[in-house]
Every structure is written in structure tokens, then in C-alpha cells.
Amino acid sequence: MTTSLADDSSPVRVRFAPSPTGMFHVGSARSSLFNWAFAKQRGGAFVLRIEDTDASRNRPEWTEGIVSAMAWLGMDASGYEGPLLQSGNTVKHADAAQQLLAKGHAYYCSCTREEIIARTGDQHRGYDGHCRDLGLGPGPGRALRFRTPDEGATVVSDVIRGEVRFDNAAIDDFPVMRADGSVLFLLANVVDDIDMAISHVVRGEEHLPNTPKQQMMWQALDHEPPVWAHLPLLVNEKRQKLSKRRDKVALEDYKAEGYLAEAMRNYLMLLGWAPSGDREILPWPTLIEEFRLDEVNLSPAFFDVKKLRAINGSYIRELAVEEFIARSEPWLTAPVAPWRPEAFSVQAYAQLAPLVQTRVAVMSEITANVDFLFLDEPDFDEASWAKTMTGGAAGVAAGIIDATLHSLGTVAWDADSIRACVEQAGAEFGLKLGKAQAPVRVAVTGRTTGLPLFESLQVLGRDAAISRLEAARARI
RNA sequence: GGCCCCGUCGUCUAGCGGCCCAGGACGCCGCCCUCUCAAGGCGGUAGCGCGAGUUCAAAUCUCGUCGGGGCUACCA
């Protein structure tokens, strides 16, 4: 938008400043990725700062969660400064508060919330400036408030949104330091950004209403405000901001489901920004190179898992088979895999892996595709069994299985020969392969759908195939 | 309530006054391929919220309107 702000030559130092709340949110992930792409593409620096000022809801291990989630997405600790803890900077926070006081930009206030509401008669009116000119000193129950101008306007120059104007009269004197001397987020955030020499503050749009206040403080502290960039929100299907409470937002959950980091990263980059031309799936270095902060969209983006799935499937299919096999490991072993660990065979899996690869959109789906190979008994799907083995289908199913069994014992054990057996069995009942294979498939794999049957049988082995067909035949 | 932001297919987006009776992708539907299911190929469905204005010309500019959202703590 405002090209002077997006000037390619200005030095870049960005920060990602999450508060450690226990899980890494997809919105945070997107925000960190945008910051990262912008910094790397401009040859700038990226700082990770943990906003742990609210001691009541902080745990040290949450920080580790943020670091590892970022690493998973490809933002390795070697590529950024930090993590720095906001709580480690409290001396400077307090110092800044005193500076504001000394310069007349802040004053002590003894009002309680109740008193303010009682005076204004309106919960929504905000602070009425009661203590503004009382010249109060520090003391119990006295917080420090920033004195905002009564007239004029504060204009926030945002790379994405252009100039956003806020009338100063509408901005109440806001607290910057609690009565206990601890500094509030709004100020601490500014002090840290100044301290870290942050050049661009790239964050979610929910912070836009706070920005004029922060900009006032930058200036009151004798610093040029940074370049602001407020990213559009990530929303749910009801177009509300993604929230921990009602939406599935934990990056960890998606990882556990088998979303590939590179797919998640690519998808997230597409929320609010798009590469030029009709391209969507691009390697990370290309995304970084082509990303432009000032091209970021204005409107909120729906976090669409369907599209994420599609992109993930595409990434899975792009994997070299060996790579796919290697990456399948977590879904083939405990605690995910339902079979006895000894029953698993990498060789057997490797033979079918190429067939699995085109059939899964998320890695967790691998398990159900090959479980028949390693389970002692197939995991029968009731609907599948009912459809192919009971009622009117029972007679044919029994016949097909009998006929297949008849020739399967002596046939050469390869997919083509096995196929011929089933084809022949079907012919005896006037059935095409499509119909004839169904009871065999269910008997052996437990389901009507799955990997190509004959390759599956070949890998399963003759003995297991025969005993499963016999067991199923007995159950019909 | 106040302040602020946003508004192109269902969704993510391309579009920066003529190249657009709007392009791509996901989804959905159909066809082909096919041992099931996928993958793949081909085709289709569907959109500029509305109203004024500016202009020879508007999805693109302006205003209004309607709709959606965010913020509104001695939380971050």
C-alpha cells in the first residue's frame, strides 16, 4: 500500500511474540511464518520473544512447546534470536514507566473499576480522567495511567491497511503499570520492541485497536514507531476469530493426525496471501522469496481443513517412495498401530507403500490401509460384511470364496495369477471381477475398499490368505 | 453502546479503470481410466452484497447503505 513503508532497502528486524498458553495455535503459526518469510526474504532478523508477563498462567514448559512447534514448521532456533523472556526485562519495563511519569506522559490513579463505573454510570464508557490532574504520588492501590491527548488524531500507518485514523478524544487514559509495580502488556510490549530495535511489527489484526496507544508510547519514549502490519484474522466457518475453546487450533493435533509440516506451512502461507500466477503449492524457499508483506490481503480467512487435506495429500504424493516409507514409521508403530509390534514387517509394508501413497490424504490413514497385513485377524467393518456376506449376497459370496479357495492353493503366488483365480471364480457365477472380488476382499482385509486386492494378497502370503478365506467362509 | 477493520464462486484467492459476459485452486457433480477405493485425465456447477455517483468505460475510484468481524481489564 504505502510503498515508502515497504521500502526494500530499510533494515528489517521482526519479532514473533506469543504468550505461552500451553499449545501452539495455527493462528500463531501463520503469524510466525509471515514474520519469518518477510525477515528472511529481506535478509533481516527474527526475534522470538515469549510474553510471559502474566505469571498466573505461565509455565516454563510452554516455551519449549513453542520452540519445538516452530522447529517442526521449519523455523529452527539457529535461524532466530531467542527465545527471550519478557519477564526477564522487568527492570526496563519499570524504568520506562517511571520515564513516562517523569516526562508528564503518565500519572498515578487511585480509581477502582467500581468507582469509575459509579461515576460514569456506564460500563462501556472507559476511564473518565478522574485522577488526571490530582498530582497523586505512588501508593497502595495506585496504578499508573498514560495520559492521552484530548484532541487531534493518531494515524497508524499500516503496510497492509494503509493509514488508519483514531481520534485521540476516543482513547481513554489507559493503565500502564499495576498498583503492585508490574507493567502491563501494552507498555511491556513496546519497551521490549524498542529494546530489541524492532523495525516491523507484524501481528494479528486483533491488535490494531491497541496500536494508537502503543504508537503514543513509542513517541513518548522518544522513539520512532515501527512499521506496522496487521494480518487478517483466521476465522472459523462462522467467520469468528479462531479460538482455542470452540475450534481445533492446536498445531500439535494436526501434526498427530498426519499433516506434513511442509503442507501445513504451505497452506498457512496461502491464508491472506497468494503467490503470483496460478500457483499454490511451492517449495518453502520460493514462498520466502516471493512473499510480499504489502501484498497481504485485508479480509479474514477461513481456516479450511478440506483444502489443507488436499494440499497435504498432494505433498504426500510428491514424496519419493523411500521418503514416504521412512515418514510412515510413526503410524506403523505403537501406540498408533493396533497390531503386535512383532507382527510388523517393513519389507511387507514397503511392497505396498506405493499403493498406499496415492490413497492417503493424511498420514494417520496409512494404518487402516495396511492393518490387514499385520493383524492376526482382519478388523472387520460391519457394514462391509453385511453388504457382501449376508442376505442375498451370502450365497454368491460362499460360492466365490469356495471357488477361489479351490484354485488358490496351487496357483503361482503372484498378483496376476491370483487375479486369474478370482476372475475364474467369478465367471462361474457370471460375475465380473468388480463384483467377484468383493467377498474375497472383505474376507481378507475386512473392508469393501482398500488397496488393490491381488497385490495385497500377494504380500499377505498364501497361507494367511487361505486361512482367512476359510475363516470367513465358515462365518457366512 | 463506542472505536476500528473487512465485503470477488460454498471456501482460499487472481484482478490495481478497458485484456473480465471475471482466471486458478479446494469442495461438489458428471465422464474417462479401473479388481474396490484412491490417484490421474477431461468436462461442469458456482461469485464481484446492495444503491447512487465519477467516467466514453467500474469487480476495480467516491459516497451511502446493508452485512460480517475485532477491540473495548490494574489479561496477553
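Numbers restart at 1 for each chain; the letters A, B, ... are given by sequence-line order, proteins then strands.
Closest to the side chain of A/Leu233, from the set B/C12, B/G69, B/C4, is B/G69. Taking the side chain of A/Pro452 as heavy atoms from C-beta on, and the options B/C35, B/C37, B/C4, the nearest nucleotide is B/C35. Side chain of A/Ser299, nearest nucleotide from B/C35, B/C4, B/U8: B/U8. Nearest to the side-chain atoms of A/Arg441 among the listed nucleotides B/C4, B/G7, B/C35 stands B/C35. Taking every side-chain heavy atom of A/Arg359 into account, B/A38 is the closest of B/A73, B/A38, B/C6. Residue A/Ala301 has its side chain nearest to B/U13 when only B/U13, B/C35, B/U36 are considered. Distance from the side chain of A/Leu271 is smallest to B/C12 among B/C35, B/C3, B/C12.
Dense packing is recorded around NZ of A/Lys248, with more than 12 heavy atoms of other residues, nucleotides or ligands lying under 6.0 Å away. A/Arg165 CZ: 12 or fewer foreign heavy atoms inside a 6.0 Å radius.
Atom C1' of B/C26 sits at a distance of 15 Å from the matching atom of B/A14, rounded to the whole Å. Between B/G40 and B/A76, the two P atoms lie 49 Å apart (nearest whole Å). Between B/G68 and B/U8, the distance separating the two C1' atoms is 16 Å to the nearest Å. For the P atoms, the distance from B/G7 to B/C16 is 16 Å, rounded to whole Å. A distance of about 14 Å separates the P atoms of B/U60 and B/A52, rounded to the whole Å. Comparing the same atom, C1', in B/C9 and in B/C5 gives a spacing of 24 Å after rounding to whole Å. Rounded to whole Å, the separation between the P atoms of B/A46 and B/G30 comes to 16 Å.
Comparing A/Trp273 and A/Phe185, the nucleotide of RNA chain B nearest to each residue sits closer to the 5' end for A/Trp273. Annotation: of the two residues near RNA chain B, A/Glu455 and A/Glu295, the 5′-most nearest-nucleotide partner is A/Glu295.
Within 4.0 Å of A/His230, counting heavy atoms only, lies no atom of the nucleic acid at all. In this structure, A/Leu144 reaches neither bases nor backbone, as no heavy-atom distance under 4.0 Å exists between it and the strands shown. Contact annotation for A/Ala179: base contact, defined as any heavy-atom pair under 4.0 Å involving a base atom. Nucleic acid contact for A/Gly434: sugar-phosphate only, since backbone atoms but no base atoms lie under 4.0 Å from a heavy atom of the residue. A/Cys421 comes within contact range of no nucleotide atom at all, as no heavy-atom separation falls under 4.0 Å. A/Gly272 comes within 4.0 angstrom of the backbone, heavy atoms only, and of no base. As judged by a 4.0 angstrom heavy-atom cut-off over every strand, A/Leu270 is placed among residues touching the sugar-phosphate backbone only. Within 4.0 Å (heavy atoms only), A/Tyr267 reaches no atom of the nucleic acid at all. Nucleic acid contact class of A/Gln86 (heavy atoms, under 4.0 Å, all strands): sugar-phosphate only.
For the pair A/Asn189 and B/A76, the criterion of a side-chain N or O lying under 4.0 Å from OP1 or OP2 is not met. Side-chain nitrogen and oxygen atoms of A/Arg239 include none within less than 4.0 Å of the OP1 or OP2 phosphate oxygen of B/G67. Dashed line: the shortest gap from a side-chain N or O of A/Lys241 to OP1 or OP2 of B/C71 is under 4.0 Å. Within the structure, a side-chain polar atom (N or O) of A/Asn297 is placed less than 4.0 Å from OP1 or OP2 of B/A14. For the OP1/OP2 pair of B/G70 and a distance below 4.0 Å, the side-chain nitrogens and oxygens of A/Arg203 include no atom meeting the criterion. For the pair A/Arg317 and B/G40, the criterion of a side-chain N or O lying under 4.0 Å from OP1 or OP2 is met.
Taking a cutoff of 4.0 Å between a charged side-chain nitrogen and a carboxylate oxygen, A/Arg15 and A/Asp195 do not qualify as a salt bridge. Salt bridge present: A/Arg147 and A/Asp150 bring a charged side-chain N and a carboxylate O closer than 4.0 Å.
If you measure from atom CZ of A/Phe302 to atom P of B/G68, you get 18 Å, rounded to the nearest angstrom. Atom CZ in A/Phe303 sits about 13 Å away from atom P in B/U13, given to the nearest Å. Whole-Å rounding puts the A/Leu187 CG to B/C75 P distance at 13 Å. A/Lys435 has its NZ atom 10 Å from the P atom of B/U36, to the nearest Å. Rounded to whole angstrom, the span from the CZ atom of A/Arg142 across to the P atom of B/C74 amounts to 17 Å. Remark: P of B/C4 and CD of A/Gln215 are 15 Å apart, rounded to the nearest angstrom. The interatomic distance linking A/Gln240 (CD) with B/G67 (P) rounds to 17 Å, in whole Å. In this entry the distance linking CG of A/Leu282 with P of B/U13 reads 16 Å, nearest Å.
Centroid-to-centroid, the aromatic rings of A/Phe174 and A/Tyr127 stay 6.0 Å apart or farther.
Nucleotide B/A25 forms a Watson-Crick or G-U wobble pair with B/U11, both donor-acceptor distances falling under 3.5 Å. Under the Watson-Crick or G-U wobble criterion, with both distances below 3.5 Å, B/C56 is paired with B/G18. Applying the Watson-Crick and G-U wobble criteria (two distances, each under 3.5 Å), B/G64 pairs with B/C50. Applying the Watson-Crick and G-U wobble criteria (two distances, each under 3.5 Å), B/U34 pairs with nothing in any strand. Across all strands shown, B/A73 forms no Watson-Crick or G-U wobble pair with both key distances under 3.5 Å.
The shortest non-hydrogen separation linking A/Trp413 to A/Gln458 is NE1-O, 3.0 Å.
With A/Pro83 as reference, A/Ile50 is the one residue of A/Asp52, A/Ile66, A/Val47, A/Ile50 to meet the side-chain contact (heavy atoms from CB on, under 4.5 Å) rule. Checking each of A/Thr211, A/Ile160, A/Leu298 against A/His230 for a side-chain contact (heavy atoms from CB on, under 4.5 Å) leaves exactly one that passes, namely A/Thr211.
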Reading 5' to 3' through nucleotides 23-32 of chain B, protein heavy-atom contacts under 4.0 Å coded B for base, S for sugar-phosphate only, - for none: SBBSS-----
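Although no hydrogens or angles enter the test, the distance criterion places a donor-acceptor pair under 3.5 Å between the side chain of A/Tyr267 and the main chain of A/Asp304. With hydrogens and angles disregarded, no donor-acceptor distance shorter than 3.5 Å links the side chain of A/Asp379 to the backbone of A/Ala368. Within the 3.5 Å criterion, the main-chain N or O of A/Asp173 finds a donor-acceptor partner in the side chain of A/Arg145.
Evaluation of atom-type donor-acceptor distances gives no pair under 3.5 Å for the side chain of A/Arg161 against the base of B/C5. For a distance-only test at 3.5 Å, the side chain of A/Glu365 fails to qualify as a donor-acceptor partner of the base of B/C37.
Counting only N and O atoms by type, the side chains of A/Ser182 and A/Arg178 include a donor and acceptor under 3.5 Å apart.
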